[in-house]
Amino acid sequence: MNFDIITLFPEMFDSIMNTSIIGRAQQKGLLNLSFHNIREFSSNKHKQVDDYSYGGGSGMVLMPQPLFDCFNYLEKRHGGRLPKVIYFTPQGKVLNQSMAQDMALEEELVLLCGHYEGIDQRVLDKYVDIELSIGDYILTGGELAAAVFIDCIARLVPGVLGNPDAHLEESFSNNLLEYPHYTRPAIYENYEVPEVLLSGNHEKIMKWRKRESLRNTFIKRPELLENTKLTQEEQKFLDSLNTEN
Ligand code: ADE
């Protein structure tokens, strides 16, 4: 999967993208990140990239020229057709796992990170396909949002996670939160691992995990259950939690 990242601060990505699973994915060639520094596209002799907002108000706006030139350059590099362009902004649709799964099917994406007050609207009108937010709060720029996005998409790319089934059972698959995990020792400071997990009975373990997954979701994120398909037995268990509470 290839990402072109347009940013004023490529160095913000250094440690996050070169560590652990994402770092290894790049070394294996499963993930390619190309950073494009907006300032390098400025035709201004002082390499200016931002200016005052027409109409007044505080905060600077990223000028059209460096960004138009950057997109032109990327278009040429991609043989005349830009991949989908995502702009990170609190005004965008809020990213969730199901959107991430769809986007992981793309082979290449261009990620545009704003900074300061925003980007001249003409850039967004001409080039942006999707506006994405990572939550209803305001960051100083789109870089952290883009890093979160890359991390979340890259781990869905085949070969990036050691175990190809790893995301089948994780939180948000089937709209449920995951069940609790335990490792050795079986007893630690009087806290015991649930007996069923030591039983070796896979059917019972699967059933326990499904129930705990339902319980976790019911307690922590009950609104997710509105969009979850349940078997009759699972529904019955959920009803029993409802009457308990
Ligand atoms: N830029 C600033 N805040 C943001 C957010 N919450 N999500 C995505 N991009 C942003």
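One-based numbering, in listed order, for ligands and for the atoms of each. For the numbers below, each heavy atom of this structure counts, side chains included, while hydrogens, waters and symmetry mates do not.
When non-hydrogen atoms are compared, ligand 1 lies under 4.0 Å from neither the backbone nor the side chain of Thr140.
The shortest N or O to N or O distance between Leu139 and ligand 1 is below 3.5 Å.
In terms of hydrophobic clustering, with Ile, Leu, Val, Met, Phe, Trp and Tyr side chains grouped at heavy-atom distances under 4.5 Å, Tyr73 and Tyr87 are assigned to a common cluster.
Proximity of Val193 to Tyr188: side-chain heavy atoms (C-beta onward) are nowhere separated by under 4.5 Å. For the pair Glu234/Thr228, no side-chain contact is recorded, criterion being any heavy-atom separation below 4.5 Å from C-beta on.
Among protein heavy atoms, the minimum distance from atom 10 (C) of ligand 1 is reached at Pro90 CD, 3.6 Å. Scanning the protein for heavy atoms near atom 6 (N) of ligand 1, the closest one is Tyr137 O, 2.8 Å. Here the heavy atom of the protein found nearest to atom 7 (N) of ligand 1 is Ile134 N, 3.0 Å.
Ring planes of Tyr127 and Phe71: parallel class, angle under 30° (limits at 30 and 60°).
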Q. Where do Glu143 and Thr7 land on the side-chain hydrogen bond (donor to acceptor under 3.5 Å, both in side chains) test, with the steps shown first?
A. CA-CA 7 Å; Glu143 284 77 9; Thr7 170; 2.7 Å; yes

Q: Check step by step if salt bridge (Lys or Arg N to Asp or Glu O under 4.0 Å) holds for Arg221 and Glu223.
A: CA-CA 5 Å; Arg221 296 287 306 276; Glu223 77 281 7; 2.7 Å; yes

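Short contacts between ligand 1 and Leu132, defined as distances under 4.0 Å to a heavy atom of the residue, involve ligand atoms 8 (C). Each of the atoms 6 (N) of ligand 1 lies under 4.0 Å from some heavy atom of Gly135. Listed by number with element, the atoms of ligand 1 under 4.0 angstrom from any heavy atom of Ser133 are 6 (N), 7 (N), 8 (C).
Across Ala145, Gly118, Gly142, Gly114, heavy-atom proximity to atom 8 (C) of ligand 1 is greatest for Ala145.
Ligand 1 lies less than 4.0 angstrom from a heavy atom belonging to Gly141.
The 12-atom threshold is not exceeded at CZ of Arg122, counting heavy atoms of other residues, nucleotides or ligands nearer than 6.0 Å.
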